[in-house]
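We name chains A, B, ... by the order of the sequence lines, and we start the count at 1 in each one.
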Amino acid sequence: MTSENPRLRFAPSPTGALHIGGARTALYNWLEAHHEGGALVLRIEDTDRERSTAENVEQILDALRWLELDWDEGPISQASRAERHAAALKQLRASGAAFRDAAAGKDVEAWKAGHGAGRGYRGTPTEEAGAAVRLRVPDEGATVVVDLIRGPISFPNASYDDFVIARGDDTVLYNFAVAIDDAEMGITDVVRGDDHLSNTPKQLLVLAALGHEPPRYAHLPLLHGPDGKKLSKRHGAASVQELRDAGYLPAAVRNYLALLGWGTDDDTTLMSTAELVRRFRVTDVGKAAAIFDEKKLRWLNGRFMREMPLEEYIAAVAAHLDRDPADPALRAACEIVQEKAQTLEEVWPLIGFLFEPPVADEVAWRKVMKPDSGPMLAAAADALASVEPFDPEAIEAALAPVLDRFEVKAGKLYQPIRVAITGGSVSPGIFESISALGREKTLERVAAAVERLAAAATDE
RNA sequence: GCCGCUAUCGUCUAGGGGACUAGGACGCUGGCUUCUCAUGCCAGAAACCGGGGUUCGAAUCCCCGUAGCGGUACCA
């Protein structure tokens with residue numbers, strides 16, 4: 001980008017929640033703006049009065065905030081610029097570039113049936129009130145979109161209809177409003193989804209009719225679901241809030257999304273946001289559509305989870321579990337679980353036993369508890385009863401003699417202890433778990449297991 | 001139908017005429033580490049959509065085909 005003060009915009013339409021495709025578009029705009037030291041404007045494209053809702057706007061802003069993608073101006077409601085749109089409409093009607101046309105959809109179809117399929121509809125001006133306003137499109141020549149990612153793309157003017165720019169009541173349509181807003185808001189670079197590529201000539205035509213210089217355009221390839229189709233609600237975690245609820249970290253999502261359609265030449269995969277800003281260039285974005293793959297996001301998220309400073313980790317876990325980050329028990333739990341979980345959502349199943357009574361996993365019990373487990377557990381309890389201090393190192397040292405006495409491998413003793421204190425066969429390190437649980441609860445739970453084992457033995 | 005875009009391992013990608021025996025990452029398989037589960041480390045399988053050109057030489061350039069996708073609304 002060569003401009004002195006680049007201005008970019010992210011312009012979502014509030015007709016639904018922010019999808020990961022939209023999130024990626026927002027991220028790319030944000031990265032490009034930051035890389036170039038430009039400004040990012042947030043504009044809400046709410047000219048669709050039927051489908052735009054305040055709830056959706058809130059949800060989009062919420063998603064952007066969660067992703068920590070901030071903006072310099074806005075949010076600006078496109079609908080609030082209606083006066084500017086009306087002025088532009090008046091100007092074009094006065095110059096003859098736009099005109100009222102009473103034709104309805106089926107009239108256009110009929111016209112095309114008589115003029116050949118590849119021929120764009122050409123309207124007939126009328127003074128009839130309530131007729132839509134169309135922009136006159138030339139039959140000759142072509143409109144060229146110089147795309148930052150794909151290079152120049154030529155569209156024959158003859159293939160475009162005299163398209164509707166305003167409804168019968170003079171409220172404007174998207175392709176008209178967006179061109180005016182981009183121009184009047186001083187937008188220098190439009191970075192948006194591929195689905196807008198075919199509409200760009202229309203916007204260029206509007207700009208030309210109004211005498212405005214067009215911005216630069218970069219059309220991003222679309223994101224597809226696992227089935228290769230356009231992303232929708234059916235394809236797994238499609239919205240940003242679903243990603244959040246699934247326990248992903250914003251930084252990991254940003255890293256992953258950046259990599260969807262863009263890569264580094266030295267194969268660097270794991271990047272901080274600062275590094276993304278430093279290395280990202282919209283001109284380096286690939287041309288082919290990418291498929292959202294949650295497996296890689298999970299891996300990336302796991303890396304971020306493990307490499308986070310403990311304080312940050314505690315804050316993230318506490319926020320996700322809606323618990324007090326100052327709670328010493330939670331802090332201790334975080335410390336022993338950080339290496340284990342790939343998502344925030346996986347944390348609780350691993351540390352829940354520290355806060356609530358263990359839920360016995362009967363499959364694990366049967367698999368782990370053998371006839372000789374009772375005496376071993378009793379011996380372990382004895383050893384644990386006097387350990388001082390009650391920390392992982394001392395606990396390990398205290399348990400070692402039990403291993404020797406029964407002449408068993410570590411797992412023969414540790415797994416029964418694990419099942420006794422956590423209820424299941426999966427948990428953080430056994431010494432850390434015992435220490436975090438505390439002497440009293442550990443002894444209680446081990447005793448309960450010994451009792452159950454003894455009862456089972458007499459039954460036979 | 002018409003207009004347009006795209007095409008490298010299952011997935012994300014590197015590659016820009018010779019350095020390609022096509023590299024990396026996720027996932028997968030096997031092994032090592034190990035108190036469980038993860039992690040970590042090592043190894044392995046796995047791709048240039050098809051056909052024509054251009055060229056001494058094509059994954060790279062051109063054309064055609066095929067497939068996928070987008071647009072074609074008084075939606076955005």
Side-chain angles (χ1 to χ4, degrees), chain A residues 11-15 45-52 78 101 103-105 108 112 116-121 130-134 145 147 149-150 153-156 158-161 163-175 177-178 193-202 219 221-222 224 226 228-230 256 259-270 286-300 302-303 306 337 339-342 346 350 364 368 396 399 403 409-419 422 424-431 433:
Chain A
S13 150
T15 51
E45 312 266 47
D46 52 0
T47 50
D48 184 337
R49 298 155 303 180
E50 320 268 274
R51 297 190 297 162
S52 300
Q78 187 161 54
D101 179 12
V108 173
K112 285 188 178 182
R119 187 71 200 298
Y121 169 74
V133 180
R134 291 179 184 269
V145 177
D147 191 85
I149 294 171
R150 293 158 220 278
I153 304 163
S154 183
F155 296 82
S159 66
Y160 283 91
D161 294 339
F163 56 98
V164 175
I165 58 177
R167 301 178 177 94
D169 62 3
D170 283 359
T171 56
V172 300
L173 262 33
Y174 172 76
N175 281 122
V178 73
D194 219 349
D195 48 340
H196 290 281
L197 185 54
S198 301
N199 283 149
T200 303
K202 294 181 183 175
H219 288 96
L222 258 24
H224 290 164
K229 300 287 187 201
K230 192 181 178 183
Y256 176 71
L259 257 14
L260 234 39
W262 171 79
T264 57
D265 44 18
D266 62 358
D267 293 323
T268 304
T269 303
L270 215 67
K287 298 175 178 137
I291 293 173
F292 177 76
D293 175 24
E294 198 170 344
K295 293 235 183 69
K296 192 162 185 173
L297 206 210
R298 283 184 66 80
W299 170 78
L300 213 41
R303 293 290 301 250
R306 271 173 267 125
V337 81
E339 287 294 311
K340 303 284 176 179
Q342 284 199 300
E346 288 174 1
L350 289 167
V368 163
E396 179 168 15
L399 254 19
L403 249 30
K409 293 213 177 226
K412 284 292 273 182
L413 173 63
Y414 298 152
Q415 275 306 82
I417 295 178
R418 193 186 311 277
V419 170
T422 73
S425 58
V426 177
S427 84
I430 192 65
F431 313 119
S433 295

Trainee: So A/Arg150, base contact, sugar-phosphate only, or nothing? Heavy-atom distance under 4.0 Å.
Mentor: sugar-phosphate
Trainee: Using the side-chain hydrogen bond (donor to acceptor under 3.5 Å, both in side chains) criterion, which residues pair with A/Lys112? Sequence neighbours excluded.
Mentor: A/Asp161
Trainee: With sequence neighbours excluded, tell me which residues meet ring-ring contact (aromatic ring centres under 6.0 Å, His included) with A/Trp262.
Mentor: A/Phe280
Trainee: Here's a test of your reading of the structure: between A/Glu45 and A/Thr269, which maps to the more 5' nucleotide of RNA chain B?
Mentor: A/Thr269
Trainee: With both distances under 3.5 Å as the test, what is the Watson-Crick or G-U wobble partner of B/C5?
Mentor: B/G68
Trainee: Tell me every residue that passes salt bridge (Lys or Arg N to Asp or Glu O under 4.0 Å) with A/Glu396, counting only those two or more places apart in sequence or in another chain.
Mentor: none
Trainee: Base of B/A76, side chain of A/Asn199 - is there a donor-acceptor contact under 3.5 Å?
Mentor: yes
Trainee: B/U60 pairs with which nucleotide, Watson-Crick or G-U wobble, both distances below 3.5 Å?
Mentor: none
Trainee: Check every strand shown and say whether A/Gly118 touches a base, only sugar-phosphate, or nothing at a heavy-atom separation below 4.0 Å.
Mentor: sugar-phosphate
Trainee: Given atom CZ of A/Arg119 and atom C1' of B/U72, what is their separation to the nearest angstrom?
Mentor: 16 Å
Trainee: Mind checking who B/U36 pairs with, Watson-Crick or G-U wobble, both distances under 3.5 Å?
Mentor: none
Trainee: Among all residues two or more places apart in sequence or in another chain, which pass the ring-ring contact (aromatic ring centres under 6.0 Å, His included) test with A/Phe155?
Mentor: none
Trainee: Go along nucleotides 34-50 of chain B 5' to 3' and tag each nucleotide: B for a protein heavy atom under 4.0 Å from its base, S when only backbone or sugar atoms are that close, - otherwise.
Mentor: -BBBBSS----------
Trainee: Could you give the OH-to-P distance, from A/Tyr121 to B/A73, as a whole number of Å?
Mentor: 12 Å
Trainee: Send over the distance from A/Ile153 CD1 to B/C3 P, rounded to a whole Å.
Mentor: 16 Å
Trainee: Run the ring-ring contact (aromatic ring centres under 6.0 Å, His included) test against A/Tyr160 and tell me which residues pass, sequence neighbours left out.
Mentor: none
Trainee: If I take atom NE2 in residue A/His219 and atom P in nucleotide B/C5, what distance separates them, rounded to the nearest angstrom?
Mentor: 12 Å
Trainee: Would you mind telling me which of B/U72, B/A76, B/G70 lies closest to the side-chain atoms of A/Leu173?
Mentor: B/A76
Trainee: Under 4.0 Å between any heavy atoms, over every strand shown, what does A/Thr268 touch: base, sugar-phosphate, or nothing? Just pick one.
Mentor: nothing
Trainee: What's the gap between B/G1 and B/A58 when it is taken at their P atoms, as a whole Å value?
Mentor: 35 Å
Trainee: Just so I know, are the side chains of A/Leu297 and A/Phe292 near enough to count as touching, which here means a heavy-atom distance under 4.5 Å?
Mentor: yes
Trainee: Taking atom C1' of B/A7 as reference, at what distance in whole Å does atom NE2 of A/His224 sit?
Mentor: 12 Å
Trainee: Looking only at the side chains, is there a donor atom on one of A/Asp194 and A/His219 sitting less than 3.5 Å from an acceptor on the other?
Mentor: no
Trainee: Taking any strand in view, what nucleotide pairs with B/C48 in a Watson-Crick or G-U wobble way, both distances under 3.5 Å?
Mentor: none
Trainee: Pick the P atom in B/C62 and in B/A67, then give their distance to the nearest Å.
Mentor: 22 Å
Trainee: Can you give one letter per nucleotide of nucleotides 11-16 of chain B, 5' to 3': B if a protein heavy atom sits under 4.0 Å from the base, S if only from the sugar-phosphate, - if neither?
Mentor: SBSS--
Trainee: Checking contacts here: which listed nucleotide (B/C26, B/A76, B/C3) is nearest the side-chain heavy atoms of A/Lys295?
Mentor: B/C26
Trainee: Let's test this: given Watson-Crick or G-U wobble pairing with both distances under 3.5 Å, identify the partner of B/A73.
Mentor: none
Trainee: Rounding to an integer number of angstrom, what distance separates B/G15 and B/A7 when you compare their P atoms?
Mentor: 13 Å
Trainee: Reading RNA chain B from 5' onward, which residue's closest nucleotide shows up sooner: A/Ser198 or A/Ala131?
Mentor: A/Ser198
Trainee: Looking at every heavy atom in both A/Leu403 and A/Lys409, which two are closest together, and how far apart are they?
Mentor: CD1-O, 4.2 Å
Trainee: Considering only atom P, compute the distance from B/G17 to B/G53 and round it to an integer number of Å.
Mentor: 23 Å
Trainee: Enter syn or anti for the glycosidic conformation of B/G16, syn applying to angles within 90° of 0.
Mentor: syn
Trainee: Is the phosphate of B/A76 approached by A/Thr47 (side-chain N or O, under 4.0 Å from OP1 or OP2)?
Mentor: yes
Trainee: I'd like the C1' distance from B/C49 over to B/U60, given in whole Å.
Mentor: 16 Å
Trainee: Starting at CG of A/Leu222 and ending at P of B/A76, how long is that distance when rounded to a whole Å?
Mentor: 18 Å
Trainee: Determine the Euclidean distance between corresponding P atoms of B/U8 and B/G50; express it in Å to zero decimal places.
Mentor: 11 Å
Trainee: Roughly how far apart are A/Arg418 CZ and A/Ser433 OG, rounded to 0.5 Å?
Mentor: 6.5 Å
Trainee: Please report the distance, rounded to the nearest Å, between OH in A/Tyr174 and P in B/G71.
Mentor: 11 Å
Trainee: With rounding to the closest Å, how many angstrom separate the C1' atoms on B/G24 and B/A14?
Mentor: 7 Å
Trainee: Which base sits across from B/G10 as a Watson-Crick or G-U pair, both distances under 3.5 Å?
Mentor: B/C26
Trainee: Would you mind reading off the distance between A/Ile165 atom CD1 and B/A73 atom P, rounded to a whole angstrom?
Mentor: 15 Å
Trainee: Let's test this: given Watson-Crick or G-U wobble pairing with both distances under 3.5 Å, identify the partner of B/A19.
Mentor: none
Trainee: Could I get the full list of ring-ring contact (aromatic ring centres under 6.0 Å, His included) partners for A/Phe431, not counting sequence neighbours?
Mentor: A/Tyr414
Trainee: Of the non-hydrogen atoms in A/Pro221 and A/Arg150, which two are nearest, and what is the gap between them?
Mentor: N-NH2, 3.7 Å
Trainee: A/Arg167: which residues meet the salt bridge (Lys or Arg N to Asp or Glu O under 4.0 Å) condition with it, sequence neighbours left out?
Mentor: none
Trainee: Between B/C37 and B/A43, how far is it from one C1' atom to the other, in whole Å?
Mentor: 23 Å
